[in-house]
Protein chains: 2
Amino acid sequence: MARPTLSDVARLAGVDVSTASRVLRGEAAQRIREETRERIVQVARELDYRANAFARGLRTARSSTLGIVVPQLDNPVFAAAIQGAEAAAAEHGFSLLIAHRAPGARDAGVYKRLSEGNRVDGLLVASLDDDDVLLSELEATETDYVLLNRTLAGARYSVVLDSRAATRIALDHLVSLGHRRIAHLAGRPGGFNAGERLAGYREGLAAHGIGFDPDLVAVAGYTAEGGAAAMRQLIDRKPTAVLAATLVSAAGAMAVLHEAGWRIPQDVSVIGLHDADVATMLYPALTTVRMPTERMGRLATELLVRLVAGESPEGVAPLAPEGLVVRASTGPVAGLGGSLRAPSGEKRR
Amino acid sequence: MARPTLSDVARLAGVDVSTASRVLRGEAAQRIREETRERIVQVARELDYRANAFARGLRTARSSTLGIVVPQLDNPVFAAAIQGAEAAAAEHGFSLLIAHRAPGARDAGVYKRLSEGNRVDGLLVASLDDDDVLLSELEATETDYVLLNRTLAGARYSVVLDSRAATRIALDHLVSLGHRRIAHLAGRPGGFNAGERLAGYREGLAAHGIGFDPDLVAVAGYTAEGGAAAMRQLIDRKPTAVLAATLVSAAGAMAVLHEAGWRIPQDVSVIGLHDADVATMLYPALTTVRMPTERMGRLATELLVRLVAGESPEGVAPLAPEGLVVRASTGPVAGLGGSLRAPSGEKRR
DNA sequence: CTGTTAGCGCATTCAC
DNA sequence: GTGAATGCGCTAACAG
């Protein structure tokens, strides 16, 4: 049998479609006799009735669907964010339409295409594109949106991780182990997170009375090759510790250090920002600062849900790091002997 | 101004909506005067008109949307498949609705929820669930679907990788390096891919005249911890090489080998199935067999697109591996000296 | 070649 | 408390 419609339900329950609609939608002002309501609900259940999404959407101009567009699917940070977004969306009765948008793609319009024809009520957007092009594309959609993992001048809502605080935590850990020559493998120059991390690095240095040495900083971006290249550039400066912006760049750096015959953590400590399974797959297992990436996706989604409901929610502050995960890649600075206790095992997860 | 509708276009072009509809839809039999057509197209462009997806869906009972449901988002294999699916979907004018379904979740109905109310025209399903529960849920949707990365008795269409061939390639590589005591870190027992891989392992062994030793096989599943546990179990059997079902299990195994003081590849070679960035992040960089995971997503999507178009396409054969990627984790068996050439560097990518 | 007509299934006034 | 009527925007016969 074909999918039952509202009028099927109404007919079998002996009521008008409008009554059935009211009941099934759980309308606030329920001026419906209890007996009638029960009959309708009962019939609907028997028929396994579900409202036709198109008809409802056509009528209400709302889709109960959110769009999420990401620059890469294979990035663990975005993967986690998507996972959180999907879960939150489902909890609020929304579906998630996913789209991919290559960084720098001049295809003028994933955002628009998604928002056209009321396909989505709102957009979750992660992007590595420049502020101006992103903003103009977004504004052209005339749709509510929330930025994921970045800020954007001119955009009201974005949910980000507190990269600066995370960097501070990493740096404090290294300093507590006696390190003072700490190299920084930075992210994409000009990028929001990269800037925050560099700021955290400098702040932390200053707080510990360590001078900032620009020769200990190199741009690694977000690839293993980038991390390796940056490390090659810095290795002659003889750092005793390396603070990498991401797991991937940390991995690239570690490969270079291995090749150069440096032992980790005996000769050099390495710490990465963000935590993921790969941290345990590296050798030695990487000490990291865990970040609430999945929660970022959840919060952004919840914000967006309220936004499309017509509310004007408060923005959310940068999400605090969840803490340090000490593994095997960090240890006391060489030459300090037993004066500082070496970390042992994984402290938290 | 509110979003323009078809009748706006028609009015401004001085034609009837039905004519505008025909033109804008690019109807096959275009019995429209060229001049009229141009006028309509022109007006539509000026207004930046887009058909309302709901109205169209309500009328045609088709959504131009596909659903994809995966058991995990953070698995690189699924991430790549999703990426391929999204690209193929976009090329064919479809959108992708993504949903997550925890393995073993008894929530009776992601599939159904997606297919209800014509939200999706078809489903791409990746699942680790048992055949019977999966099949019954899928059949209940009365929607076309294509399985991703697994087979299912009773299901007509599925797109899978040729795990058996991949395992053969890996095994052949190890044997060519002189290895004969080759351990196998297997996947989820009973799983389709795990079975294929084990079969490939046994076939390969037989082909090379090597006896099958059950004590050289352990279940590692798909986690680093699983790989480590399996490796601990096998290390006493003194294998000269380890063939891991996935990158993650390979990583877990490598950690155990490192801890035990085994050098890779001097004392033991390690090879993993599937290829991804993490392979280069491991130490030493992992030799792998590259698989067309993204293409799997593409092909599944293309199959589904044809299916929902009412065609009865041929099924697609298991996707052949893309080849061996020799990195640093495999080398000649110990004791053979220079009699076998060690692989150097990365051979292909 | 183009216009007229008739819904698709639902939510929502407005009556009663 | 419930029913009747209307239209969201579009496509698809059917006329002409």
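A, B, ... follow the sequence lines: proteins, then strands. Residue 1 opens every chain.
- Between the side chain of B:Tyr157 and the main chain of B:Pro313, a donor-acceptor pair closer than 3.5 Å is present.
- With the nearest nucleotide of DNA chain C identified for both B:Gly14 and B:Ala55, B:Gly14 has the one nearer the 5' end.
- Counting non-hydrogen atoms of other residues, nucleotides and ligands closer than 6.0 Å to CD of B:Glu314 gives a total of 12 or fewer.
- The nearest whole Å value for the distance from the CG atom in A:Asp16 to the C1' atom in D:dG1 is 12 Å.
- The shortest side-chain heavy-atom distance between A:Ser21 and A:Leu6 falls under the 4.5 Å cut-off.
- Applying the 4.0 Å criterion to OP1 and OP2 of D:dA12, one finds that B:Thr60 has every side-chain N and O outside that range.
- For B:Ser7, no side-chain nitrogen or oxygen approaches OP1 or OP2 of D:dC10 to under 4.0 Å.
- For the OP1/OP2 pair of D:dG3 and a distance below 4.0 Å, the side-chain nitrogens and oxygens of A:Thr19 include at least one atom meeting the criterion.
- The side chain of B:Arg56 contributes no N or O atom lying less than 4.0 Å from OP1 or OP2 of D:dG9.
- Close to C:dC1, at under 4.0 Å from its OP1 or OP2, lies no side-chain N or O of B:Arg22.
- Ionic pairing of B:Asp16 and B:Arg22 is not present here: no N-O contact between side-chain nitrogen and carboxylate oxygen is shorter than 4.0 angstrom.
- Between A:Leu58 atom CG and D:dG7 atom C1' the separation is 9 Å, expressed in whole Å.
- In this structure, A:Arg50 does not reach the C:dG9 phosphate: none of its side-chain N or O atoms is under 4.0 Å from OP1 or OP2.
- The phosphate of C:dT12 (OP1 or OP2) has no side-chain N or O of A:Ser18 nearer than 4.0 angstrom.
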